[in-house]
Amino acid sequence: MNMSHELLSDLIEKRRYLHENPELAFEEFNTTENIKKWLEEHHIPMLPLELETGVVAEVKGAFEGPTIAIRSDIDALPIKEDTDVPFKSKYEGKMHACGHDFHTASILGAAILLNSQKEKLHGTVRFIFQAAEEVAQGAKKFVEKGALEGVSAIFGMHNKPDLPVGTIGVKSGGLMASVDKFEIKFVGVGGHAGIPHNAIDPIVMASQYVTAVQSIVARRMDLFDNAVISITSIHGGNTWNVIPDTVTLEGTVRTFQPKAREAIPGLMKKLAESLAEGNGGSVEFNWEDYLPVVNNDPQFEEIIRATVVESGFDVVDAVPSAGGEDFAFYQTYIPGFFVWMGVDGPQEWHHPKYDLKEDAIKVASEFFANLAVNVLKK
């Protein structure tokens with residue numbers, strides 16, 4: 001499907017409006033109303049889901065077939081914009097610094113293109129304009145509200161500033177890392193720093209753990225697994241001559257393989273317990289599952305690569321990112337595939353000077369419209 005110059009100009013105007021009017025997670029009320037208005041203008045029906053923000057719409061083909069979904073995210077970030085674009089954010093401290101305005105305009109474009117040719121469509125395409133990706137809560141809420149009901153597969157993208165416009169990155173398996181949090185409290189017995197044998201020093205336990213925990217990746221994980229354990233916060237003690245009762249460590253674990261993600265918490269907990277016990281103390285281990293791996297189903301890779309070429313664009317092997325994405329949450333329910341979309345930007349995601357080349361909207365819209373046709377046909 002080819003996008004007209006008029007439609008591209010209209011979508012660029014819409015993207016610029018969204019960029020000027022960014023809204024944070026679960027506050028996307030104006031964004032939601034505008035998406036609804038734009039869908040209504042093209043007679044694209046919406047599902048009556050009980051969502052405070054975000055929209056789910058459908059294009060139903062003339063022929064019977066399965067339902068697949070294409071997902072976009074719509075929220076902005078609490079970042080002060082530092083660009084010179086004439087449509088920069090009107091709201092101090094809020095910015096579309098991750099390109100969700102681009103995602104929204106592009107997937108809206110795909111919906112418009114498919115709706116104009118729905119008489120050729122074998123099945124239904126559901127368009128998910130999802131709230132609150134940046135806080136990793138939106139996908140979960142949308143699933144709870146029924147956004148995936150009856151859907152057999154889901155597709156999505158994230159813009160990639162280091163790829164040229166017209167280039168799409170494709171990779172099966174782990175594309176974006178799982179993101180998990182931990183808090184480990186080593187408990188000892190406080191006392192005088194000059195009389196340490198009458199105390200049980202949690203600083204010693206914590207210090208041993210900071211070093212020893214890296215052996216989990218180096219010696220307990222498969223060589224072909226990817227994982228990182230980062231301790232990012234240490235709190236304990238409040239003066240120079242007193243051994244404290246407790247020391248608390250916090251941090252994050254990132255992996256690209258679900259089996260590695262499953263194994264690491266138990267290994268970390270066991271190590272903490274053994275170090276604490278060996279020093280005469282105890283430990284409180286808390287783990288928070290935050291985001292799964294964006295784990296692309298290999299059954300779709302061939303058709304995605306073929307669609308990129310058929311659409312007149314360049315396909316490259318996607319380089320994984322250790323950033324997280326709540327698209328992964330959908331993939332725990334149904335098969336899915338997530339791609340990188342080249343936008344040739346000057347800065348990476350979440351940077352105050354983040355920007356992109358808007359002709360990438362045409363690329364993304366045409367690709368996803370063509371992909372939907374090809375997947376449903378298959």
Side-chain angles (χ1 to χ4, degrees), residues 25 68-75 77 98-100 102-103 106-107 126 128-143 147-148 151-163 167-181 224-228 230 252-264 288-305 307-308 315-343 348-350 364 367-368 371 375:
I68 63 171
I70 299 174
R71 176 270 204 168
S72 167
D73 37 16
I74 68 174
D75 56 325
L77 283 157
C98 208
H100 294 184
F102 160 76
H103 296 166
S106 298
I107 300 309
R126 186 170 298 175
I128 298 174
F129 296 91
Q130 180 210 302
E133 187 280 327
E134 295 293 0
V135 295
Q137 296 298 312
K140 189 178 298 185
K141 179 175 281 288
F142 272 55
V143 171
L148 290 189
V151 177
S152 59
I154 188 166
F155 303 90
M157 68 164 172
H158 204 292
N159 66 86
K160 205 70 169 68
D162 59 349
L163 288 179
T167 301
I168 299 175
V170 180
K171 177 191 177 299
S172 293
L175 181 67
M176 299 187 75
S178 62
V179 180
D180 296 306
K181 302 177 182 179
F224 298 100
D225 287 340
N226 311 94
V228 64
S230 292
T252 183
V253 174
R254 309 288 170 112
T255 68
F256 287 94
Q257 291 79 24
K259 66 182 179 70
R261 184 190 187 213
E262 185 178 344
I264 286 174
E288 180 182 346
D289 291 331
Y290 194 66
L291 279 175
V293 180
V294 174
N295 193 25
N296 287 336
D297 194 312
Q299 69 172 302
F300 298 117
E301 181 169 353
E302 183 180 347
I303 197 167
I304 286 173
R305 287 180 177 269
T307 301
V308 175
V315 63
V316 297
D317 295 334
V319 177
S321 167
E325 233 292 349
D326 81 349
F327 182 85
F329 192 74
Y330 297 119
Q331 292 174 304
T332 64
Y333 289 88
I334 59 174
F337 210 101
F338 200 70
V339 301
W340 296 144
M341 187 64 57
V343 294
E348 260 296 352
W349 312 321
H350 296 211
F367 165 73
F368 278 105
L371 179 64
V375 171

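These figures come from a predicted structure and were not determined experimentally.
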Distance-minimising heavy-atom pair for Gln299 and Pro335: NE2-CB, 3.8 Å
Heavy-atom closest contact (Pro258 atom, Asn295 atom, distance): CG-ND2, 3.8 Å
Residues which pass side-chain contact (heavy atoms from CB on, under 4.5 Å) with Val228, listed by chain and number, not counting sequence neighbours: Ser230, Arg254
Pairing residues for Phe327 by the ring-ring contact (aromatic ring centres under 6.0 Å, His included) criterion, not counting sequence neighbours: Phe338
CD/Glu262: more than 12 non-hydrogen atoms of other groups inside 6.0 Å: no
Residue list, side-chain contact (heavy atoms from CB on, under 4.5 Å) with Glu302, at least two apart or on another chain: none
Partner set under salt bridge (charged side-chain N to carboxylate O under 4.0 Å, His left out) for Asp297, not counting sequence neighbours: none
Flag side-chain contact, heavy atom, 4.5 Å: Pro298 against Phe337: no
CD1 on Ile68 to CG on Leu371, rounded to 0.5 Å: 6.5 Å
Close side-chain approach of Phe142 to Tyr330, heavy-atom, < 4.5 Å: yes
Partner residues of Glu325 under the salt bridge (charged side-chain N to carboxylate O under 4.0 Å, His left out) criterion, sequence neighbours left out: Arg71
Val339 side chain near Phe300 side chain, heavy-atom distance below 4.5 Å: no
Side-chain heavy atoms of Gln137 within contact of Lys141, under 4.5 Å: no
Val293 side chain reached by Gln257 side chain, heavy atoms, under 4.5 Å: no
Nearest heavy atoms of Ala25 and Val135, plus distance in Å: CB-CG2, 3.6 Å
Partner set under side chain to side chain donor-acceptor pair (under 3.5 Å) for His100, not counting sequence neighbours: Asp73, Asp75, Glu134
Any residue meeting side-chain contact (heavy atoms from CB on, under 4.5 Å) with Glu348, in chain and number order, not counting sequence neighbours: Lys160, Pro161, Asp162
All side chain to side chain donor-acceptor pair (under 3.5 Å) counterparts of Thr167, not counting sequence neighbours: none
Any side-chain heavy-atom pair of Trp340 and Leu175 under 4.5 Å: yes
Side-chain heavy-atom pair His350, Leu77 within 4.5 angstrom cut-off: yes
Interatomic distance, Asp326 atom CG to Gln130 atom CD [nearest 0.5 angstrom]: 4.0 Å
Side chain to side chain donor-acceptor pair (under 3.5 Å) partners for Ser72, two or more places apart: none
Which residues share a salt bridge (charged side-chain N to carboxylate O under 4.0 Å, His left out) with Glu288, sequence neighbours left out: none
Greater than 12 external heavy atoms within 6.0 Å of Lys171's NZ: yes
Donor-acceptor under 3.5 Å (Arg305 side chain, Val315 main chain): no
Residue pair Phe367, Met157: steps toward the side-chain contact (heavy atoms from CB on, under 4.5 Å) verdict: CA-CA 11 Å; Phe367 165 73; Met157 68 164 172; over 6 Å; no
By side-chain contact (heavy atoms from CB on, under 4.5 Å) - contacts of Ala69 (at least two apart): Arg126, Ile128, Val151, Ile154
Distance-minimising heavy-atom pair for Gly324 and Glu133: O-OE2, 4.0 Å
Where Pro292 and Ala328 come nearest, the two heavy atoms and their spacing: O-CB, 3.3 Å
Heavy-atom closest contact (Asn159 atom, Cys98 atom, distance): ND2-O, 2.9 Å
Set of side chain to side chain donor-acceptor pair (under 3.5 Å) partners for Lys259, sequence neighbours left out: Asp225
Salt bridge flag under 4.0 Å for residues Arg261 and Asp180: yes
Spatial distance of atom CZ (Phe368) from atom CE (Met341) [nearest 0.5 Å]: 5.0 Å
From Asp317 atom CG to Glu301 atom CD, the distance as rounded to the nearest 0.5 Å: 7.5 Å
Value rounded to 0.5 Å, distance of CD1 in Ile264 from OG1 in Thr255: 5.5 Å
